[in-house]
Amino acid sequence: MKKVVLFAFCMPLLFACNSRGGKSKKEKVTAPQPATESVFDNNDYHTLSNAGEVFGKHLALDIEVDFKQKQIRGTASWDIEKRKTEADKFILDTRDLKIDSVQYEDGSKAAFESGETDSILGTPLSISLKPETKKVKIFYRTTPKATALQWLDPAQTFGKKQPFLYTQSESIHARTWIPVQDGPGVRYTYTAKVKVPKGLMALMSAENPQALSEDGVYDFKMDMPVPAYLMALAVGDIKFQAIDQRTGVYAEPVMLAKAHKEFEEVGAMVHKAEELYGPYRWGRYDILVLPSGFPIGGMENPKLTFCTPTILAGDKSLVNLIAHELAHNWSGNLVTNQTWNDFWLNEGFTIYFERRIMESMAGKDYADMLWEIGYQDLEATVADLGEQSDDTHLRLNLRGRNPDEGLTDIPYEKGGHLLRLIEQTVGRNKMDAFLTKYFNENAFKTMNTRDFTEYLNKNLLNEVTEWKANVNINEWLYGPGIPKTCPRADKVRFNKVDTATAQFLKGDMSFAAKTGKWSTFEWMHFLRKLAKNNITLEQMKTLDHAFDLTKTQNSEKADLWYLLAIKTKYEPAYPAMEAFLNITGREKFLQPLYKEMMNSPEGTKMAKSIYRKARPNYHPLTQRVIDEIVK
Ligand code: BES
Ligand code: ZN
């Protein structure tokens, strides 16, 4: 499947490629880059702040959420610490944020200046400091351009009665709702007072309420230091239900029971994660299920994972997404990528950890399906980006680009597979001891690719000469494509699916009896295989008759089924697909469907008509992406 999307339009993407949605780039062939310092330094080029000189170490937010004006306004007070005594400016990141005034601790006016605006990075806010300044208070408001915010009308929620707001700050969107030193290498603690309309609940990546506040005012505290991309807020008609002592679910009241059922094993999952890599350090682990417009699958906001309702399949078959976000509480939230070039240290580790959790919950054969699906995604992404593309290196070079462009399957799957290769090289016991030590020794710190390599050699690979040669880590980090040493999973369960597919293609339906035991991943493998085999309209009818696929409530199955329906012009599935596209905002599902429709004149007509109605339900960044597909 060749995608042609112009590079310039990829800039504001939330998601960049294949299974993660969006972008594709015309193939670019360049020689592999050597891992030299002159090519890669470890500066963060995606913040305009001066955290190296003066850094904001604690934030006290005092904000009001105004649904009528779709605006957050209030104050951000920063406790600052000078790293260079002569420093006389505190510089923060902002983008499309309106700064009204700035005060010193005694209430006197502080001089401030907004610098030149960069279209990707935004506008630096530079505040003059006096030698004795320890605190500054910024009066500000958000604007309609804030890319971190999605404001939902009541009609866009499950309950249909109350509006909803949520933030998505990663990678560099926190600066559109808070003036903050917005780099993953800068950590701070925070408190927040948030005023919302009475009757609504507010939640943050912090200690959270479990019941409504009478006056609509909520107080939050996060006393472990976190980077800005983990700042999160959600406001809506939300209720809480406990899973166990330290885990629970938040959702709109009409979704709560379903969500609770789906996640009833999450308490056990946290224990499994702890058995693998040490204690969960964040106190509570709760999950917030968002309305269906949420543009991504999940976000690892500390103490409170945000997730899409599209994983509520009714049979717990998509909870690996929760395993993923939970795993981030070690890889990412404890040990954080120093810059967005090192993004694989967040996501590759998390993919590995996620699949280890799933293996311990559901068995090796199950985890092997996740690895194989992931490998297929990796292959497709490498084909899409170009085998020699620099963007297939684990260590990225995103200087001058939007960091969201790094969001392809490369950091996830190539990164995850590198860790699997290390595991297979040194053995599981050594691997697990190493990772536990890594998370403990680097907790609440940042890590870059070079320092990780050193740490890995020193603490693991140096032990046996062949290990280093076998892993050949520089090829993975600084070279293109998929290294030949890339591990492949056993296909115990998928081999059976392959047999079934071959039978089906020959008109033999005897495999149908066995599909009762298929998990979502077997179905995905089956449907992906069919997509490669040009199946006929007749065969689509047979499948739908046998398995009722048009009516499936499983989003992953639905997405692949609708793709087939567009390809084969299987019209009975169109109304269900239209309904799906109208309410689902998850970009990874939307992109392939709209792209497939645009491949034919009738499809183009259909895409335009569906998108006209559905567009207001999508996240502002998703709208920009789909705008470039449907035109
Ligand atoms: N942290 C990411 C989401 C993210 C990354 C948002 C970069 C914006 C910029 C999250 O942990 C994630 O990877 N989500 C995946 C889940 C999947 C891999 C199980 C998603 O949303 O698809
Ligand atoms: Zn992730």
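Read the numbers this way: they start at 1 and go in the same order the structure lists the ligands and their atoms. For the numbers below, each heavy atom of this structure counts, side chains included, while hydrogens, waters and symmetry mates do not. Computed from a prediction, not measured in an experiment: that's the story for all the values here.
For the side chain to side chain donor-acceptor pair (under 3.5 Å) condition, the pairs that include at least one residue of residues 283-298, sequence neighbours left out, are Arg284-Asp286, Tyr285-Thr305.
Test Arg420, Lys491, Arg488, Arg493 against Asp368 for salt bridge (Lys or Arg N to Asp or Glu O under 4.0 Å) and you get one pass: Arg420. The side-chain hydrogen bond (donor to acceptor under 3.5 Å, both in side chains) test with Tyr229 is passed by exactly one of Thr336, Asn301, Asn346: Asn346.
Looking at ligand 1, you won't find any N or O of Asn320 less than 3.5 Å from one of its N or O atoms. Not one N or O of Ile351 is nearer than 3.5 Å to an N or O of ligand 1, by distance alone. Taking only nitrogen or oxygen atoms, main chain and side chain alike, Glu170 reaches within less than 3.5 Å of ligand 1.
Counting heavy atoms only, Tyr412 comes closest to atom 13 (O) of ligand 1 of the residues Phe294, Tyr229, Tyr412, Phe306. Of the candidates Glu347, Lys588, His324, Glu587, the one placing a heavy atom closest to atom 2 (C) of ligand 1 is Glu347.
Counting just the N/O/S atoms of His324, the one with the shortest distance to the Zn ion (ligand 2) is named NE2. In Glu347, the N, O or S atom that comes nearest to the Zn ion (ligand 2) is OE1.
If you look at Thr308 next to ligand 1, there are no close heavy atoms at all, none under 4.0 Å.
The side chain to side chain donor-acceptor pair (under 3.5 Å) search around Thr176 returns none, not counting sequence neighbours.
Interface atoms of ligand 1 facing Gln168, defined by a heavy-atom separation under 4.0 Å, are 6 (C), 8 (C). Taking every heavy atom of Glu325 and a limit of under 4.0 angstrom, the matching atoms of ligand 1 come to 10 (C), 11 (O), 12 (C), 14 (N), 16 (C). Which parts of ligand 1 touch Gly297 is read off a 4.0 Å heavy-atom cut-off, strictly below it: atoms 20 (C), 21 (O), 22 (O). Against a heavy-atom cut-off of under 4.0 Å, Met299 is close to the following atoms of ligand 1: 1 (N). In summary, the atoms of ligand 1 found under 4.0 Å from a heavy atom of Glu300, numbered by their order in the structure, are 1 (N), 2 (C), 10 (C), 11 (O).
Under the 4.5 Å side-chain criterion, counting only non-hydrogen atoms from C-beta, His324 is not in contact with Phe353.
Ring-centre distance between Tyr190 and Phe220: not below the 6.0 Å cut-off.
Using modelled atom types, one side-chain atom of Glu522 and one backbone atom of Ser519 make a donor-acceptor pair closer than 3.5 Å.
The existence of a salt bridge linking Asp377 and Lys588 is excluded, since no basic side-chain nitrogen approaches an acidic carboxylate oxygen closer than 4.0 Å.
Considering CZ of Phe343 and CG of Leu398, their distance stands at 9.5 Å, rounded to 0.5 Å.
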